[in-house]
Amino acid sequence: MTQQQTINDFMEVLSSKQPVPGGGGASALAGGLAAALGLMVGNLTVGKKRYAEVEAEVISMMERLTAARGEMTRLIDEDGEVFAPLAAAYGLPTGTEEEKEYKAQVMEKNLLAASLVPVRVMELAAELLELLEELEKKGSVMAVSDVGVAAQFARTALTGAVMNVYINTKSMKNREKAEEINDRAAETMDRGVALADRIYECVLARLKGNDKR
């Protein structure tokens with residue numbers, strides 16, 4: 001379980017020949033880091049007189065960030081859990097028509113499962129970005145750069161996970177379902193990346209002194 005690993009343990013396994021964790025788990029990890037950085041900004045904001053008016057809002061955001069961090073950590077493991085049966089399905093025999101039909105059914109089921117986990121990573125990353133946009137406005141000015149870094153980690157979660165969606169949906173036989181998932185991913189991708197880039201530009205402007213907030 002990811003929760004029981006050190007950072008070094010995770011990177012060692014990620015570096016190895018083992019099929020999981022891979023890009024999907026790494027994308028979820030990026031999302032978890034985005035949530036963690038957002039929480040750091042919240043912790044640096046709460047309790048300061050300067051931010052008393054927004055403290056309740058920040059605390060509410062931190063509760064959602066905590067939940068998102070936990071779910072992203074869970075999704076690292078779930079990505080591996082759905083990939084294992086898919087990898088095994090590729091090795092199923094196809095010597096008879098019955099075997100071919102069975103393999104096709106098993107593949108379709110596991111391709112769908114392996115597509116939906118990264119979609120959830122993407123949607124959660126987009127939710128994180130909505131919170132980070134608010135933190136950029138209301139969080140401690142001392143941690144504004146951390147909001148920008150968090151937004152980039154969330155962006156990575158999005159752009160990484162979408163590739164895991166497409167690599168699985170392209171092999172699905174049910175093209176209607178595959179395109180439904182692709183559309184869901186594409187909409188989330190467009191919305192999330194635009195938001196991430198907007199946050200990043202706002203943070204850069206503030207760091208360069210072009211925004212006098």
Side-chain angles (χ1 to χ4, degrees), residues 1-36 67-128 152-190 192-193 196:
M1 297 292 289
T2 302
Q3 294 94 326
Q4 298 170 341
Q5 291 180 308
T6 66
I7 292 174
N8 190 60
D9 288 340
F10 183 85
M11 290 194 293
E12 282 293 329
V13 180
L14 188 64
S15 304
S16 72
K17 293 181 180 179
Q18 294 188 42
V20 293
S27 297
L29 175 61
L33 291 171
R69 184 186 63 186
E71 186 170 358
M72 281 294 192
T73 303
R74 181 184 63 77
L75 286 167
I76 296 172
D77 292 325
E78 189 172 336
D79 183 77
E81 290 165 5
V82 297
F83 180 77
L86 176 60
Y90 279 106
L92 289 172
T94 55
T96 67
E97 288 303 313
E98 289 78 10
E99 288 175 340
K100 288 178 182 178
E101 183 177 349
Y102 176 72
K103 179 177 181 177
Q105 292 174 351
V106 173
M107 286 289 296
E108 192 73 3
K109 174 184 175 182
N110 290 307
L111 284 166
L112 175 61
S115 301
L116 292 177
V117 172
V119 167
R120 180 55 190 150
V121 171
M122 294 180 70
E123 292 174 342
L124 191 55
E127 292 172 23
L128 281 171
Q152 291 303 294
F153 272 121
R155 192 184 196 282
T156 295
L158 276 167
T159 57
V162 75
M163 291 185 278
N164 286 74
V165 175
Y166 293 151
I167 197 171
N168 291 304
T169 56
K170 75 172 186 176
S171 298
M172 290 173 62
K173 300 300 182 185
N174 185 340
R175 295 315 305 164
E176 182 178 353
K177 186 63 175 179
E179 291 308 317
E180 177 188 318
I181 294 170
N182 286 346
D183 290 346
R184 183 175 162 188
E187 187 279 329
T188 305
M189 176 79 168
D190 292 344
V193 168

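- Of the possible polar contacts, one joining the Asn110 side chain to the Val106 backbone as a donor-acceptor pair under 3.5 Å is found.
- No side-chain heavy atom of Ile76 sits under 4.5 Å from any side-chain heavy atom of Met72.
- By the salt bridge (charged side-chain N to carboxylate O under 4.0 Å, His left out) test, Glu78 is found to be paired with Arg74, residues two or more places apart in sequence or in another chain being considered.
- Across all non-hydrogen atoms, the minimal contact from Ala185 to Met122 is O-CE, 3.2 Å.
- Residues that satisfy the side-chain hydrogen bond (donor to acceptor under 3.5 Å, both in side chains) test with Lys173, not counting sequence neighbours, are absent from this structure.
- A salt bridge between Arg175 and Glu180 is absent, with no side-chain N of the basic residue lying under 4.0 Å from a carboxylate O of the acidic one.
- Summarising the geometry, atom CG belonging to Leu14 is positioned 11.5 Å from atom CG belonging to Asn8; distances are rounded to the nearest 0.5 Å.
- Taking the side chain as every heavy atom from C-beta outward, Val117 and Glu81 never approach each other to under 4.5 Å.
- Enclosure of atom OH in Tyr166 by more than 12 non-hydrogen atoms of other residues, nucleotides or ligands within 6.0 angstrom is indicated.
- A donor-acceptor pair is defined here as one N or O able to donate and one able to accept, closer than 3.5 Å; such a pair exists between the side chain of Glu99 and the backbone of Gly95.
- A heavy-atom distance below 4.5 Å is not found between the side chains of Leu111 and Thr169.
- When every heavy atom of Leu128 is checked against every heavy atom of Ala34, the shortest pair comes out as CD1-CB, 4.3 Å.
- Using a 4.5 Å heavy-atom cutoff, the side chains of Lys177 and Ile181 are in contact.
- To the nearest 0.5 angstrom, Gln5 atom CD is 11.0 Å from Thr73 atom OG1.
- Considering CG of Asn164 and CG of Leu116, their distance stands at 12.5 Å, rounded to 0.5 Å.
- The heavy-atom pair separating Met107 from Ala89 by the smallest distance is SD-CB, 3.5 Å.
- Remark: Ile7 CD1 to Met11 CE distance equals 6.5 Å, nearest 0.5 Å.
- Annotation for Ile167: atom CD1 does not count as buried by contact number, only 12 or fewer foreign heavy atoms lying within 6.0 Å.
- In terms of modelled atom types and a separation under 3.5 Å, the side chain of Glu123 and the main chain of Thr188 share no donor-acceptor contact.
- Put simply, CG on Asn168 and CZ on Phe83 are 8.0 Å apart, with the number rounded to the nearest 0.5 Å.
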field: Arg120/Glu71 under salt bridge (Lys or Arg N to Asp or Glu O under 4.0 Å): CA gap, chis, key distance, verdict
entry: CA-CA 10 Å; Arg120 180 55 190 150; Glu71 186 170 358; 2.8 Å; yes
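- Annotation for Lys103 and Tyr90: closest pair NZ-O, 3.0 Å, computed over non-hydrogen atoms.
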Donor-acceptor pairs under 3.5 Å, side chain of residues 17-33 to any protein atom, not counting sequence neighbours: which ones?
from  : atom 1 : to     : atom 2 : distance (Å)
Ser27 : OG     : Gly23  : O      : 2.8
Ser27 : OG     : Ala161 : N      : 3.4

query: Is there a salt bridge (Lys or Arg N to Asp or Glu O under 4.0 Å) between Arg184 and Glu179 once you walk through the steps?
result: CA-CA 8 Å; Arg184 183 175 162 188; Glu179 291 308 317; over 6 Å; no
